[in-house]
Amino acid sequence: MPDAPRSRPVHASASSDADFYARVYRVVERIPEGRVTTYGRIARHLGAPRASRAVGWALKAVASDPVSALEIPCHRVVNREGRLTGRLHFVTPTAMEERLRAEGVAFTAPDRVDLAAHLWDPA
DNA sequence: GCAGTGACCTCGT
DNA sequence: AACGAGGCCACTG
């Protein structure tokens, strides 16, 4: 089929494996409810240990697309310290925290989750 | 095609 | 142990 628009995030199942974004989404979709993972873990799992920034880029694209935002639990991705660095990119600054709390994720600080208790590795 | 940007990570001081 | 700087990756203008 013709090439899909790349300015808009596409659902993983509708994209090819070659798309880096699609591969990121596929991993994020696997994150169980009440668990979280990090940008670095995802990047490492994709075979690009230094592509953690690109992972955040892919999630940013999701935030701008309401449909994908509902399909992909991007709120379950935090940084190495458990900090909600992407919270400002959600519909409201507190949406990310509220969703995580609703899933039973414990916080060690207002914008920091308990990684030791909820960390999920893609492997 | 070059240069800038960013929801990060790691290694040196 | 805390702070700062560099690097890597994909996308946009």
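In what follows, chains carry the letters A, B, and so on, assigned in the order in which the sequence lines appear, proteins first and then strands, with residues in each chain numbered from 1.
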Count the heavy atoms of every other residue, nucleotide or ligand shown that sit under 6.0 Å from CZ of R83(A), and state whether that count exceeds 12.
-> no

Report the residues that fulfil side chain to side chain contact (heavy atoms under 4.5 Å, CB included) with A102(A), sequence neighbours left out, ordered by chain and then residue number.
-> none

Examine dT10(B): is either OP1 or OP2 under 4.0 Å from a nitrogen or oxygen in the side chain of R80(A)? Give yes or no.
-> yes

Think T38(A) has a side-chain N or O under 4.0 angstrom from the OP1 or OP2 of dC8(B)?
-> no

Out of dC11(C), dC9(C), dA7(B), which nucleotide sits closest to the side chain of Y21(A)?
-> dC11(C)

Go through dA7(B), dG6(B), dC9(B) for me and flag the one nearest to the W57(A) side chain.
-> dG6(B)

Provide, to the nearest angstrom, the distance between the [atom1] atom belonging to [X] and the [atom2] atom belonging to [N].
X: E97(A); N: dA7(B); atom1: CD; atom2: C1'; result: 16 Å
X: R112(A); N: dC8(B); atom1: CZ; atom2: C1'; result: 15 Å
X: R83(A); N: dC9(B); atom1: CZ; atom2: P; result: 12 Å
X: L59(A); N: dA10(C); atom1: CG; atom2: C1'; result: 13 Å
X: D111(A); N: dA7(B); atom1: CG; atom2: C1'; result: 13 Å
X: R50(A); N: dC9(B); atom1: CZ; atom2: P; result: 11 Å
X: L46(A); N: dC8(B); atom1: CG; atom2: P; result: 17 Å
X: R44(A); N: dC8(C); atom1: CZ; atom2: P; result: 17 Å

4.5 Å side-chain heavy-atom contact, [X] and [Y]:
X: D19(A); Y: Y25(A); answer: no
X: V28(A); Y: T37(A); answer: no
X: F107(A); Y: L100(A); answer: yes

Across the strands shown, which category fits T85(A) at heavy-atom distances under 4.0 angstrom: base, sugar-phosphate, nothing?
-> sugar-phosphate

Distances under 3.5 Å between nitrogen or oxygen atoms of protein and nucleotides 1-6 of chain C:
none

ILVMFWY network linking V27(A) to V77(A), side-chain heavy atoms under 4.5 angstrom = yes

Any chance the side chains of H75(A) and E103(A) put a donor and an acceptor closer than 3.5 Å?
-> yes

Select from E81(A) and A54(A) the residue whose nearest nucleotide in DNA chain B is closer to the 5' end of that strand.
-> A54(A)

